Amino acid sequence: MKENHFKYIGRRVPRMDAPEKVTGTLKYMTDYHFEQMVWGKVLRSKYPYARIESIDTSKAESLPGVVCVLTHKDIPGFNGFGIVVPDQPVLARDVVRCTGDAVALVAAETKEIAEHALSLIEVKYERLNPVTDAEFAMSSEAPSLHENGNIHSHVIIKNGNTDAAFKEADVILENTFYSPRQMHAFIETEGGWGVVEPDGMLTIRCPGQYAYRDRLQIARALAMNPARIRVISHPIGGAFGGKDEITVQIYLALLALHTGGRPVKIHLSREESVIAGIKRHPFKVQMKTAAKKDGTLLANQVRAVADTGAYASLGGAVIALAIEHCCGPYKIPNVDLEGFCVYTNNGISGAFRGFGVNQVCAAIETHMDMIAEKLGMDPIELRKKNAYEKGDRSSIGHELKTSVGTLKTLETAENCELWKYRETHKKKQQRTVEKTGNRSSHLFSCGRHGNRSARLWGSHH
């Protein structure tokens, strides 16, 4: 064999960032401090839904140590951002739709002065009744939170004849599943740096997931040539979808333009991150599933409602993927699937690992367990009987041309020690519960699997 003369091909290439990560010396972006830096802070809405009557920043501006105070009037370009629909204001002008809405920005010599300055900004609001329930938001009684109403996205998929399938079925299960809002809880909360370089280049150092897309949105808000903006992300700190959307990048850019070339830092507290950061969509999933007595799945009817909060972010993609996956990896010839992504005055929901798939898969998998229990079938056998294979056509009409690993996964699970000896493990756990009196552990160990899943997910028969 000829000697490999390539520099990289066929050779082990060490990762450039590996030593720092492994040794723990790599810093978070927000751990850095620069000379002559100033601190940035964000004033957020006092109410979840209100009209802004006036904003008075004079007291904050006169506070010693304050470098600048900015409102919507100081945005030179487009006052909006959003990955798909730019419906979230950079700084609210006439209305606030959630308590995460930014109303004003402050830059000051110290963090304490910046926080004090926020308290001196006087905002007069006309409070409005907030819409906090997604089902109510879709009704005619609810106020329109956006110009085109409260339904951001509506998805419908139908195949076969579900009415006939339900009449033919031997087993029908119908439940409603609720899954809550969930926080990414990455170790490094949203934050970063902004500075105008001596050559006029605007540099934003901010942990994010798409530096070029962030640059586009910054440029749009600043009415600035993107070529004059440099966005630097970082290989540490966590995101999981929560930094997919703009977090503080535009705030940093705006403040940097008003600090006379001094770097400005924003770092959200955990409380601020909870209030203003992106979350997983809360879902309500109504599901009705039919099967024959031999375990063959016949039909699935689903109505899923996702609460995207005050702004769209990636809510449309989330509900679309949820409806695409709500039948699981199973052959179900008759489906009637409908999804709604709905605006409310709750916190903003968007990208989160799974994009709506987790919420609906919990429902279909619970139904699979319950169907197996009713039919006296092994839950894995039921799944194997209905699992997709290469060449099958999915419930929504896709031909599965590439590899499909469902059967292999099920077979691996079936031969797993934990599954093969599950009854023994359950008895051991039961004895532990009886000795310790741990009722929390008892909830997970008692009863049969299907009913347990239903209880944990709060389903209603």
Side-chain angles (χ1 to χ4, degrees), residues 30 37-81 87-128 130 189-196 204 206 218 221-222 246-260 262-277 309-311 345-348:
T30 48
M37 75 175 203
V38 298
W39 283 89
K41 282 288 180 179
V42 184
L43 178 68
R44 301 194 185 272
S45 172
K46 187 176 181 180
Y47 305 107
Y49 190 34
R51 290 192 183 90
I52 296 175
E53 295 182 341
S54 65
I55 304 173
D56 185 352
T57 62
S58 57
K59 291 181 181 178
E61 290 170 335
S62 63
L63 181 68
V66 168
V67 177
C68 65
V69 181
L70 308 179
T71 67
H72 65 89
K73 296 177 182 179
D74 299 294
I75 298 173
F78 175 63
N79 186 8
F81 67 92
D87 59 359
Q88 184 170 354
V90 176
L91 295 173
R93 182 183 63 181
D94 51 5
V95 64
V96 288
R97 297 182 178 89
C98 67
T99 53
D101 267 340
V103 178
L105 303 174
V106 168
E109 298 291 345
T110 67
K111 189 190 326 185
E112 292 74 19
I113 294 174
E115 289 174 345
H116 183 40
L118 291 184
S119 68
L120 298 178
I121 299 173
E122 297 176 353
V123 184
K124 289 185 179 179
Y125 295 99
E126 177 194 348
R127 295 181 64 177
L128 303 171
T189 56
E190 300 88 341
W193 293 88
V195 65
V196 177
I204 303 297
C206 183
I218 294 168
L222 269 57
I246 285 288
T247 56
V248 299
Q249 293 91 328
I250 301 177
Y251 306 147
L252 290 168
L254 285 168
L255 288 173
L257 295 179
H258 292 80
T259 56
R262 298 173 65 183
V264 58
K265 177 179 180 178
I266 294 176
H267 189 193
L268 301 191
S269 67
R270 183 63 67 181
E271 182 181 4
E272 288 177 286
S273 182
V274 171
I275 292 170
Y311 303 103
N345 293 119
N346 296 322
I348 306 162

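Bear in mind that the values here come from a model prediction, so they are computed numbers and not experimental data.
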When rounded to the nearest 0.5 angstrom, what distance separates [atom1] in [X] from [atom2] in [Y]?
X: Leu105; Y: Lys41; atom1: CG; atom2: NZ; answer: 12.0 Å
X: Tyr251; Y: Ile246; atom1: OH; atom2: CD1; answer: 9.5 Å
X: Leu120; Y: Ser62; atom1: CG; atom2: OG; answer: 7.5 Å
X: Lys265; Y: Leu255; atom1: NZ; atom2: CG; answer: 14.5 Å
X: Glu190; Y: Glu272; atom1: CD; atom2: CD; answer: 9.0 Å
X: Cys68; Y: Leu70; atom1: SG; atom2: CG; answer: 4.5 Å

State, to 0.1 Å, how close [X] and [Y] come at their nearest heavy-atom pair, and which atoms those are.
X: Ile275; Y: Thr99; result: CG2-O, 3.5 Å
X: Pro64; Y: Ile113; result: O-CG2, 3.7 Å
X: Val95; Y: Ala50; result: CG2-O, 3.2 Å
X: Thr30; Y: Ile266; result: CG2-O, 4.3 Å
X: Ile121; Y: Val106; result: CD1-CG2, 3.9 Å
X: Val196; Y: Ala256; result: CG2-O, 3.5 Å

Considering only heavy atoms from C-beta outward, does the side chain of [X] approach that of [Y] to under 4.5 Å?
X: Ile52; Y: Tyr125; answer: yes
X: Gln88; Y: Ile348; answer: yes
X: Pro48; Y: Asn346; answer: no

Evaluate the salt bridge (Lys or Arg N to Asp or Glu O under 4.0 Å) criterion for residues Glu53 and Lys124: first the C-alpha distance (whole Å), next the side-chain angles of each, then the deciding distance (0.1 Å), finally the verdict.
-> CA-CA 5 Å; Glu53 295 182 341; Lys124 289 185 179 179; over 6 Å; no
Selection residues 67-80 - residue pairs positive for side-chain hydrogen bond (donor to acceptor under 3.5 Å, both in side chains), sequence neighbours left out |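 Residue pairs with at least one partner in residues 67-80: there are none.
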Do Leu128 and Glu126 pass the side chain to side chain contact (heavy atoms under 4.5 Å, CB included) test, and can you show the C-alpha distance, the side-chain angles, and the key distance before you say yes or no?
-> CA-CA 6 Å; Leu128 303 171; Glu126 177 194 348; 4.2 Å; yes
Tyr311: ring pair (Phe, Tyr, Trp, His ring centres under 6.0 Å) partners, not counting sequence neighbours =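 For Tyr311 the ring pair (Phe, Tyr, Trp, His ring centres under 6.0 Å) partners, ignoring immediate neighbours, are His146.
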Is Thr189 reaching over with its side chain to a backbone N or O of Leu268, donor-acceptor style, under 3.5 angstrom?
->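 Yes; at least one donor-acceptor contact below 3.5 Å.
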State whether the side chain of Asn345 and the backbone N or O of Arg97 hold a donor-acceptor pair below 3.5 Å, judged by distance alone.
->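 Checked: pair present.
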Short side-chain donor-acceptor distance under 3.5 Å, Gln249 and Thr247 |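 Checked: Thr247/Gln249 side chains pair up, N/O donor to acceptor below 3.5 Å.
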Would one find more than 12 heavy atoms of other residues, nucleotides or ligands at under 6.0 Å from atom CZ of Arg93?
->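 Atom CZ in Arg93 is not crowded, with 12 or fewer foreign heavy atoms closer than 6.0 Å.
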Flag yes if more than 12 heavy atoms outside Arg127 fall under 6.0 Å of its CZ atom; otherwise flag no.
->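 Open: at most 12 neighbouring heavy atoms sit under 6.0 Å from CZ of Arg127.
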Taking side chain to side chain donor-acceptor pair (under 3.5 Å) as the test, write out the residues that go with Lys59, two or more places apart.
->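 Partners of Lys59 by the side chain to side chain donor-acceptor pair (under 3.5 Å) criterion, ordered by chain and then number, come out as Glu122.
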Just do the side chain to side chain contact (heavy atoms under 4.5 Å, CB included) check on Leu43 and Val123 with the steps written out, would you?
-> CA-CA 10 Å; Leu43 178 68; Val123 184; 4.0 Å; yes
Step by step, work out the side chain to side chain contact (heavy atoms under 4.5 Å, CB included) result for Glu115 and Trp39.
-> CA-CA 9 Å; Glu115 289 174 345; Trp39 283 89; over 6 Å; no
